[in-house]
Every structure is written in structure tokens, then in C-alpha cells.
Amino acid sequence: MSSSTDSPTLTTETTQLSPQPDTETAKPTKKITLKSSDNQIFEVEESVAMEFATVKSFFEDSPSTDTVPLPNVTAKPLSQVIEFCKEQIKFKANPDEAQKKKYNAEFVTEKSDKDLVDMIPVANYLEIKDLLDVLNQAVADRIENKSVEYVRSFFGIDNDFTAEEEAALRREHAWAYEGVDED
Amino acid sequence: MPLNDLPEGCIANALSFTTPQDVGRLSAVSPIFMSAAVSDFVWERFLPRDLESILSTSPDGSRLLASAASKKELYFSLCENPVLVDNGRKSFSLEKKSGKKCCRLSARDLLITWGDAPRYWTWNSDPRIQISRSGRAYFGVLA
């Protein structure tokens with residue numbers, strides 16, 4: 001089993017929660033190790049890991065494990081998802097809807113299109129509903145009123161339709177092509 | 001399963017945050033978008049939340065609710081074929097691009113000062129104005 005020394009940079013990054021002492025509870029924070037598909041190790045506090053429904057049920061099924069493998073998830077989106085969930089834990093402890101909205105908006109604004117698209121399946125797999133809603137709203141805002149070609153490149157999708165199939169779909173929805181933004 | 005391709009559920013979820021016009025257009029993006037773009041999950045979001053209570057007051061509306069094969073079909077039926085509701089006093093439809101509720105009110109239903117005084121107002125029938133089954137004249141008002 002890999003140890004956290006495999007990826008010193010990421011480990012440092014994920015443990016930076018500690019400078020802000022947890023005032024709401026005095027209990028010692030238990031760490032949980034997540035392992036991405038590209039073998040990066042993430043040490044996160046138990047409270048953060050429990051935000052991931054998939055991780056939570058993994059622990060309920062095998063409580064003695066210390067490392068949760070996430071075979072479908074690569075390191076970059078995972079680190080961003082962890083960053084988001086850490087903040088949400090703070091808002092859970094000290095509810096502040098306005099601040100939370102502001103944080104969520106900034107979280108997605110600074111991400112590239114690809115970052116957003118890459119995080120969606122991770123949030124979906126880990127079943128983090130709040131994050132999914134934030135991501136889907138952000139993606140929707142970015143593709144609203146955009147052309148079919150723009151949205152293909154936004155999602156990195158190849159066009160699998162034949163020319164005839166695509167033409168038929170465009171004819172069927174001709175009303176939906178009025179007033180579309182320039183690419 | 002590698003997650004390089006977004007599953008249809010994820011696409012449908014993202015589409016449900018856009019507009020009916022976006023969904024209609026983006027069905028041409030790829031086959032997975034196309035199947036997401038016809039899903040009940042997406043069109044449910046575009047139907048008014050109080051749709052059932054609006055339509056269940058009218059026989060036509062109840063019939064439509066019971067017979068529509070999908071949420072998308074229900075949506076487009078309401079865009080193209082207004083339904084008489086409220087005992088035939090209003091005609092209800094949806095605006096295609098946005099899903100906004102549209103309501104046509106019967107002119108007889110409006111409170112018009114001296115509306116019953118023939119000296120000031122007369123009720124003429126005009127063949128250009130749509131006449132409902134209950135014989136009332138309508139004009140359009142966006143709700």
C-alpha cells in the first residue's frame with residue numbers, strides 16, 4: 001500500500017486545514033486516505049471524506065480499511081473536489097448562506113471549462129449533490145445560448161452523428177437556433 | 001468504467017439547468033446529448049411547478065396530463081395547443097423558448113369601467129379574434 005510520502009506536494013496541500021483550529025468540537029480529527037486512479041494519495045479529515053457518499057458507504061462496508069481506492073477518479077479533479085468539500089464543512093459548522101454562495105460562485109468562476117467538465121463525473125461518482133448543483137449551474141451558464149459546435153468543444157465531444165442525422169435534428173429544432181451567440 | 005465520457009445522467013442534469021431553447025438546439029451535439037435532451041428529468045424542470053393544479057381544473061387539461069407519453073410531449077403540446085382552464089374563462093399555454101406560462105383572458109372577464117354601458121362600450125364579434133368553445137373573445141396577455 002502506498003504511503004503519503006508518495007506525493008509530498010499533494011499531501012501538504014490537503015492537510016492545510018489545520019492552521020484554522022476547529023473550534024466547534026474538541027475531538028481529535030481522524031484522517032482518511034484516498035487514492036486516485038493515477039496513484040496519488042490524499043489525506044483528508046474524516047468529516048470531509050464523509051461528504052463523499054461513495055467513500056462513506058465504502059467505510060460502512062469495510063470499517064477496518066485505511067485507504068479508499070478511487071479507481072475512476074484522477075488526482076486533479078479530486079483535489080479540487082476536496083478543496084470544495086473542506087469549505088462546505090466550515091459552512092456546516094458556521095452557517096452563513098451569503099458567504100457560502102459567494103464562495104461557491106468564486107469556486108467555479110476561477111475554473112477552466114475543462115476543470116468544470118472533469119469535476120462533474122467525480123462529483124457524480126462520489127455523490128456530492130451540492131457540488132453537482134454548483135457545477136451544473138456553472139456549466140449551464142457557460143453553454144447557454146451557445147452553438148452546437150461550441151458546446152461540442154466545451155465538453156470535448158466528437159460528433160458521432162452522420163451528416164443526415166445531424167441535419168434532421170437541426171431541422172426538427174429549427175426554432176431553437178434563433179439568436180444564438182457567435183462562437 | 002473510465003469517466004472520460006460524461007454519463008447521460010450528468011448531461012441531463014447539466015441540461016436541466018439551461019433553457020428549453022438550449023436543450024432543443026443541443027440535442028444535435030451528440031447521441032448522448034440527444035437522449036439526455038428527450039428525458040423526462042430535463043423537461044420536468046421546464047414545466048411549471050403548479051402545472052398539475054392548473055390543468056386538473058379543466059377536462060382538457062386532465063385529459064392531456066393523463067395522455068401525454070412524456071414530459072417533453074406534454075411541454076410541446078402546451079406550447080402548440082392552448083388548453084382552456086378555469087371553466088373556460090382562461091386559455092393556458094407555454095412560451096416555447098422559455099417555458100414561461102402564458103394566459104389568455106376572456107375579454108368579458110376584465111373589469112372595464114362602464115363596460116356594461118352600451119353608450120361607451122359595445123361588444124362586437126370580430127372573426128379575426130379567436131373564439132373559444134364557450135363563445136368568448138380572447139386577447140393575449142403574458143403572465
Side-chain angles (χ1 to χ4, degrees), chain A residues 36-37 70-74 77-78 116-126 129 132-163 165-181, chain B residues 1-47 69-82 93-100 102:
Chain A
S36 67
S37 63
L70 299 172
N72 294 332
V73 176
T74 56
L78 180 58
L116 292 185
V117 170
D118 288 350
M119 262 190 284
I120 287 182
V122 176
N124 185 55
Y125 172 67
L126 296 175
K129 189 173 178 307
L132 261 183
D133 284 349
V134 169
L135 291 173
N136 282 320
Q137 183 64 63
V139 164
D141 290 344
R142 292 191 194 186
I143 63 174
E144 213 170 299
N145 228 26
K146 300 290 188 212
S147 73
V148 170
E149 292 77 11
Y150 181 97
V151 173
R152 272 184 200 137
S153 90
F154 183 95
F155 284 97
I157 288 176
D158 293 327
N159 176 18
D160 293 333
F161 285 124
T162 64
E165 285 168 337
E166 188 176 339
L169 279 166
R170 284 175 183 264
R171 261 197 313 278
E172 187 192 338
H173 301 101
W175 60 276
Y177 287 81
E178 293 161 17
V180 171
D181 293 350
Chain B
M1 176 188 85
L3 294 177
N4 298 334
D5 290 327
L6 281 178
E8 183 187 318
C10 287
I11 302 285
N13 207 339
L15 286 178
S16 74
F17 283 78
T18 64
T19 66
Q21 186 182 10
D22 290 310
V23 171
R25 183 176 64 256
L26 299 180
S27 60
V29 166
S30 74
I32 205 161
F33 266 70
M34 188 183 73
S35 51
V38 296
S39 65
D40 278 357
F41 178 84
V42 169
W43 291 94
E44 175 96 66
R45 288 281 291 258
F46 298 146
L47 290 166
S70 68
K71 302 288 178 193
K72 187 186 176 196
E73 190 183 301
L74 179 58
Y75 181 91
F76 282 100
S77 169
L78 286 168
C79 293
E80 279 143 29
N81 310 300
S93 62
L94 297 176
E95 204 267 323
K96 203 189 229 177
K97 287 180 182 174
S98 66
K100 282 191 182 143
C102 301

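Quantities reported herein were computed from a predicted structural model and do not represent experimental measurements. All chains are named by letter (A, B, ...) in the order of the sequence lines, taking the proteins before the strands, and each is independently numbered beginning at 1.
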Could you tell me which portion of [X] (side chain, backbone, both or neither) has an atom closer than 4.5 angstrom to a non-hydrogen atom of chain B?
X	answer
A:Glu172	side chain
A:Asp141	neither
A:Ile143	both
A:Asn159	both
A:Val139	side chain
A:Val180	side chain

Minimum heavy-atom separation for [X] to [Y], with atom names?
X	Y	result
B:Thr18	A:Glu144	CA-OE1, 4.4 Å
B:Gly24	A:Ala176	C-CB, 4.0 Å
B:Gln21	A:Trp175	CA-CZ3, 3.8 Å
B:Ser30	A:Ile157	CB-CG2, 3.7 Å
B:Leu6	A:Pro121	CD2-CD, 3.2 Å
B:Leu26	A:Ser147	CD2-O, 4.3 Å

>> Measuring only between side-chain heavy atoms, which start at C-beta, is A:Val151 closer than 4.5 Å to B:Phe33?
In response: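 Yes, at least one pair of side-chain atoms sits under 4.5 Å.
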
> Quick one: does B:Arg25's side chain have a donor or acceptor within less than 3.5 Å of a partner on A:Glu178's backbone?
Replying inline: no

>> Keeping A:Glu165 on the side-chain end and B:Pro31 on the backbone end, is there a donor-acceptor pair under 3.5 Å?
In response: no

> In terms of heavy-atom pairs under 4.5 Å with chain B, which of A:Leu169, A:Leu135, A:Asp118, A:Asp160 leads?
Replying inline: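 Counting heavy-atom pairs under 4.5 Å, the top option is A:Leu169.
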
> Of the backbone (N, CA, C, O) and the side chain (C-beta and beyond), which part of B:Asn13 lies under 4.5 Å from a heavy atom of chain A, both, or neither?
Replying inline: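 Both parts, heavy atoms under 4.5 Å.
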
>> If I take atom SG from residue B:Cys10 and atom CG from residue A:Asn124, how far apart are they, to the nearest 0.5 angstrom?
In response: 3.5 Å

